[in-house]
Structures are given as C-alpha cells and as structure tokens.
Engineer: 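So that we are looking at the same thing, I have put the structure below in structure tokens.
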Amino acid sequence: MKLLNVIFCLLIISTVSQAQHPSKNVLIITLDGTRWNEIFGGADGNLLFNPQFVRDTSLMKQQYWHTYPEERRRLLMPFFWSVIARQGQLLGNRLYNNDVNVANLYKISYPGYSEIFTGYADKLFIPNLSINNKRTNILQYLNNQQEFKGKVAAFCSWRVLPFILDEKNGTMQVNAGYEPLYSEELFSKIIDSVQLNVHDKNNTRHDLLTFESAKNYLESKHPKVLYIGLGETDEFAHKGDYDTYLQKMHNADAMIAELWYYVQTDPFYRNNTAMVITTDHGRGRKPDNWSKHGFWINGSGETWMAMLGCGIEALGEVKVKQQVFQKQVAPTIAALLGQSFVPGHQVAAPLHLQAGE
C-alpha cells in the first residue's frame with residue numbers, strides 16, 4: 001500500500017509539473033469563416049448534393065461523402081482527425097453542448113479577429129475596413145517584451161489584418177494581402193513575382209502564397225510566435241461555392257499538417273511548441289443562408305478551436321458540456337508561453353488546457 005501511495009504521489013507531481021511547464025513557441029492559425037458543422041461533421045449533405053452550390057455533385061461525393069459523420073470529417077480534415085484528435089484538443093462540437101462562441105455582437109471578421117487577439121469583445125462596431133485597432137493585441141504586446149522582441153510575426157491572406165493587429169504602432173513583421181515581402185532573398189523575389197502576376201487580385205491573397213511565405217519565414221528566422229491567417233474558406237463561402245469551400249478547408253488541413261511536421265522535426269521547435277487553430281466567426285446553419293454571416297444570421301456566432309503541442313493535454317474531441325469564447329484565445333496564448341497578458345483593457349480568462357483544472 002505504501003508503494004502505491006508513493007507511485008500515486010509521483011504521478012500527481014508529474015502531472016502538475018507538466019501543466020506548469022510553459023511552451024517556448026506558439027503558432028496561431030485561423031481559417032476565416034469556417035463552420036463548426038464541417039469541422040465536426042464533414043461535408044453537409046444538404047449542400048453537397050445541391051447543384052446550386054456544387055458544380056459536380058458526383059465527384060464531390062466521391063471525395064468527401066460517407067454515411068457516417070466521423071468518416072466524413074476524416075475525409076475532409078485528415079490531420080485534424082488523425083493527429084489533433086489523438087494528441088491535442090478539439091472544442092466546439094455543439095452536438096455535445098461543447099460550445100465555442102464569439103462574444104462580440106457583430107459576428108463579422110474585424111470584430112472577430114479583434115476579439116481573438118485582444119482578449120476583449122469590443123462594443124464599438126468597426127466594419128471590415130482598413131481602420132487601425134485602438135485595442136492592444138497579444139502579438140504586439142508580446143513583441144514589446146524583451147524576450148519576444150523581434151520574434152513575433154504574422155502572415156495573412158486578408159489585407160485588413162495588419163490594421164486589426166495595429167502594425168503601424170509596432171515593429172512586428174506583418175505581411176498581408178498582396179503586399180510584397182520586401183526581401184532580397186531569392187524565395188521572396190519569386191513570391192513577389194508570382195503575386196505581381198496574379199490575374200484576379202482581391203482583398204484576400206491565395207492561401208498557398210500566404211502559407212509558403214510564412215513557412216519560409218519560420219524556417220529562416222525561427223520566430224517564437226507566428227500567426228498565419230488563411231482566408232479563402234470565407235471568400236468562396238460568400239460566393240456560395242460549397243465545393244471550393246470544402247477544398248480550401250482540405251487544403252488548409254494539409255498546410256497545417258506540413259507545418260506541424262516541420263515543427264516536430266526542427267530542433268528549435270520540437271517538443272516545445274504549441275499550436276492554436278480557430279476561426280473569426282461562424283456562418284448560417286441552413287442551405288438558404290450558409291454563405292452569409294452577421295448578427296442577423298443564426299449560427300454566425302458559433303465557432304470552434306483546435307489545439308496541439310506543448311502544454312496542451314491530449315483530451316481529443318471534448319464532449320463535455322462547456323462554454324468557451326473567442327476572447328479567451330489571447331490570454332491562453334500568453335499562458336502557454338508562461339506570460340500574463342495585461343493590456344489597458346479588460347481581458348477574459350485563459351482556457352484550462354489540462355484535465356481537472
């Protein structure tokens with residue numbers, strides 16, 4: 001019995017030490033306007049077989065359809081459901097009353113990203129325009145700390161994100177939209193040349209260009225905090241192209257898998273890096289409004305989170321009743337790094353990432 005008690009005490013000490021051990025690096029990834037419905041249920045049959053939203057329903061059925069939602073979601077997001085579901089955490093399956101929501105009233109991108117990075121659901125409405133955010137965000141806050149100065153960067157597809165992240169008032173590396181990389185590296189010159197020759201430029205850069213730019217920066221500069229904002233899911237959802245929306249989700253999953261493989265095989269990042277993945281808002285729940293979002297569309301405030309890596313216990317798909325808000329992301333990023341986020345405004349509490357906390 002004494003031996004069992006000693007073993008039990010050692011297990012408790014080990015668990016507490018693991019919970020208190022901070023991550024040295026954090027990667028944050030957002031998939032703009034991606035519904036929880038597809039993350040946890042895979043392709044939506046009400047949309048997948050509707051020629052109004054899918055150009056080739058037969059081909060899309062071959063790629064993404066299965067009778068069981070557990071298999072559908074694995075077809076759509078294989079990394080999420082083969083790695084994160086085993087080694088990390090997935091929050092937001094509302095079928096288990098595991099709810100993740102935006103706390104802001106507006107349920108569009110600017111307020112959503114501001115909430116994610118400032119830890120605060122601002123009552124002031126700021127539309128999706130190039131307006132500098134007056135609130136302090138976690139990326140700039142960390143970049144102002146001596147330990148992280150010059151080691152925080154962001155690469156985003158949506159051109160408005162530098163304003164939300166208040167790039168103008170800091171020295172943090174932010175590249176977004178079709179902004180040139182401004183580097184003499186051969187890789188950067190190639191990316192700039194490709195961007196220059198993109199035929200149909202809009203407010204959102206192709207995610208692949210964003211991802212490759214971010215990954216190259218990760219490999220060459222080894223930042224301690226890196227944010228990658230992917231945006232094509234929202235772009236094609238707004239167009240009502242459910243087939244391309246699914247393909248962009250699938251592509252994002254592959255990019256995240258590639259990023260995680262690099263992280264786990266690079267000595268600088270291996271076993272000391274956490275990854276936080278989420279979205280800025282939800283979308284409508286029904287076929288007639290799935291492409292839309294805003295305070296007037298039911299489902300627009302319903303989101304999700306996925307987390308993996310150092311400091312995050314392997315709870316898998318969380319199926320307990322719970323209410324989580326997007327405003328908890330910023331203080332959670334700080335907590336993962338062993339930091340406190342103390343800006344000049346109110347901030348939510350961080351998430352509990354260990355069982356029993």
Engineer: Would you indicate whether Gln323, at its atom CD, is surrounded by more than 12 heavy atoms from other residues, nucleotides or ligands within a distance under 6.0 Å?
Structural biologist: yes
Engineer: Would you call Glu219-Lys215 a salt bridge at under 4.0 Å N-O?
Structural biologist: yes
Engineer: Could you walk me through whether Asp166 and Gln140 satisfy the side-chain hydrogen bond (donor to acceptor under 3.5 Å, both in side chains) test, starting with their C-alpha distance in whole Å, then the side-chain angles of each, then the deciding distance to 0.1 Å, before giving a yes or no?
Structural biologist: CA-CA 8 Å; Asp166 198 20; Gln140 289 284 14; 5.9 Å; no
Engineer: Determine whether Pro111 and Asn128 make a side-chain contact, defined as any pair of heavy atoms from C-beta on separated by less than 4.5 Å.
Structural biologist: yes
Engineer: Could you give me the CA-CA distance, side-chain angles and deciding distance for Ser114 and Asp122, then say whether side-chain hydrogen bond (donor to acceptor under 3.5 Å, both in side chains) is met?
Structural biologist: CA-CA 8 Å; Ser114 181; Asp122 209 322; 5.3 Å; no
Engineer: Provide the closest heavy-atom pair for Gln195 versus Gly177 in the form atom of the first, atom of the second, distance.
Structural biologist: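 Looks like OE1-O, 4.1 Å.
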Engineer: Can you tell me if Arg86 has over 12 outside heavy atoms packed within less than 6.0 Å of its CZ?
Structural biologist: no
Engineer: Check whether any side-chain heavy atom of Glu179 lies under 4.5 Å from a side-chain heavy atom of Arg159, and answer yes or no.
Structural biologist: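 Of all side-chain heavy-atom pairs linking Arg159 with Glu179, none is under 4.5 Å.
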Engineer: For residues Asp280 and Tyr113, report the shortest heavy-atom separation together with the two atoms involved.
Structural biologist: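 Heavy atoms of Asp280 and Tyr113 come nearest at OD2-CE1, 3.4 Å.
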Engineer: Check the orientation of Phe40 and Trp81. Use parallel for under 30°, tilted for 30 to 60°, and perpendicular for over 60°.
Structural biologist: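 The rings of Phe40 and Trp81 stand perpendicular, inter-plane angle above 60°.
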Engineer: So, are Glu38 and Arg283 salt-bridged, with charged N and O less than 4.0 Å apart?
Structural biologist: no
Engineer: As an exercise, state the distance from NZ of Lys224 to OG1 of Thr273, rounded to the nearest 0.5 Å.
Structural biologist: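 Spacing of NZ (Lys224) from OG1 (Thr273) equals 8.5 Å.
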Engineer: Do Lys248's NZ or CZ and the ring of Tyr245 fall within the cation-pi criteria of under 6.0 Å and 45°?
Structural biologist: no
Engineer: Between Ala330 and Thr118, which heavy-atom pair has the shortest distance, and what is it?
Structural biologist: CB-C, 4.1 Å
Engineer: Could you label the plane-to-plane angle of the Phe49 and Trp65 rings as parallel, tilted or perpendicular, counting under 30° as parallel and over 60° as perpendicular?
Structural biologist: perpendicular
Engineer: Which distance, rounded to the nearest 0.5 Å, do you find between the NE2 of His345 and the CZ of Arg135?
Structural biologist: 6.5 Å
Engineer: Do Ser291 and Tyr242 have side-chain N/O donor and acceptor atoms under 3.5 Å apart?
Structural biologist: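 No - no donor-acceptor pair under 3.5 Å links their side chains.
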Engineer: Given the rule in the side-chain hydrogen bond (donor to acceptor under 3.5 Å, both in side chains) test, do Arg55 and Thr244 qualify, once you have shown the distances and angles that lead to the verdict?
Structural biologist: CA-CA 10 Å; Arg55 287 161 292 180; Thr244 312; 3.1 Å; yes
Engineer: Taking the inter-plane angle between the rings of Tyr269 and His222 on a 0 to 90° scale, is it parallel (under 30°), tilted (30 to 60°) or perpendicular (over 60°)?
Structural biologist: parallel
Engineer: Counting heavy atoms not belonging to Tyr261, are there more than 12 under 6.0 Å from its OH?
Structural biologist: no
Engineer: List the atom of Gln339, the atom of Glu147, and the distance in Å for their closest heavy-atom pair.
Structural biologist: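 Minimum heavy-atom separation between Gln339 and Glu147: NE2-OE1, 3.4 Å.
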Engineer: Between Trp290 and Arg285, is there a cation-pi geometry (under 6.0 Å to ring centre, at most 45° from the normal)?
Structural biologist: no
Engineer: Side chain of Thr279, backbone of Thr34: donor and acceptor closer than 3.5 Å?
Structural biologist: yes
Engineer: Once rounded to the nearest 0.5 Å, what's the spacing between atom CE of Met275 and atom SG of Cys310?
Structural biologist: 13.0 Å
Engineer: Check whether any side-chain heavy atom of Ile39 sits under 4.5 Å from a side-chain heavy atom of Met249, and report yes or no.
Structural biologist: yes
Engineer: Out of Asp32, Asn203, Thr210, which residue meets the side chain to side chain donor-acceptor pair (under 3.5 Å) rule with Ser157?
Structural biologist: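 With Ser157 as partner, side chain to side chain donor-acceptor pair (under 3.5 Å) holds for just one option, Thr210.
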Engineer: Do Met60 and Gln247 have side-chain heavy atoms sitting under 4.5 Å apart?
Structural biologist: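 The answer is yes, as the side chains (C-beta and beyond) meet within the 4.5 Å cut-off.
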Engineer: How long is the gap from CG on Leu308 to CZ on Phe80, to the nearest 0.5 Å?
Structural biologist: 10.0 Å
Engineer: Looking at every heavy atom in both Tyr227 and Leu165, which two are closest together, and how far apart are they?
Structural biologist: CD2-CD1, 4.1 Å
Engineer: Looking at Pro180, is its backbone amide N or carbonyl O close enough to the side chain of Asn175 to form a donor-acceptor pair, meaning the two atoms are under 3.5 Å apart?
Structural biologist: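 Side chain of Asn175 to backbone of Pro180: a pair is present.
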Engineer: Which value, rounded to the nearest 0.5 Å, describes the distance between Gln322 atom CD and Tyr96 atom OH?
Structural biologist: 14.5 Å
Engineer: Between CD of Gln326 and CZ of Phe117, what distance do you get to the nearest 0.5 Å?
Structural biologist: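 Here the rounded value is 10.0 Å.
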Engineer: So, Asn25 versus Asn272: side-chain donor-acceptor pair below 3.5 Å or not?
Structural biologist: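 Yes - a donor-acceptor pair under 3.5 Å links their side chains.
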Engineer: For side-chain hydrogen bond (donor to acceptor under 3.5 Å, both in side chains), just list the numbers for Glu185 and Asn216, CA-CA rounded to whole Å, side-chain angles, deciding distance to a tenth of an Å, and then say yes or no.
Structural biologist: CA-CA 10 Å; Glu185 294 180 356; Asn216 182 71; 3.3 Å; yes
Engineer: Between Gly282 and His293, which heavy-atom pair has the shortest distance, and what is it?
Structural biologist: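 Gly282 and His293 have their closest heavy atoms at O-CB, 3.3 Å.
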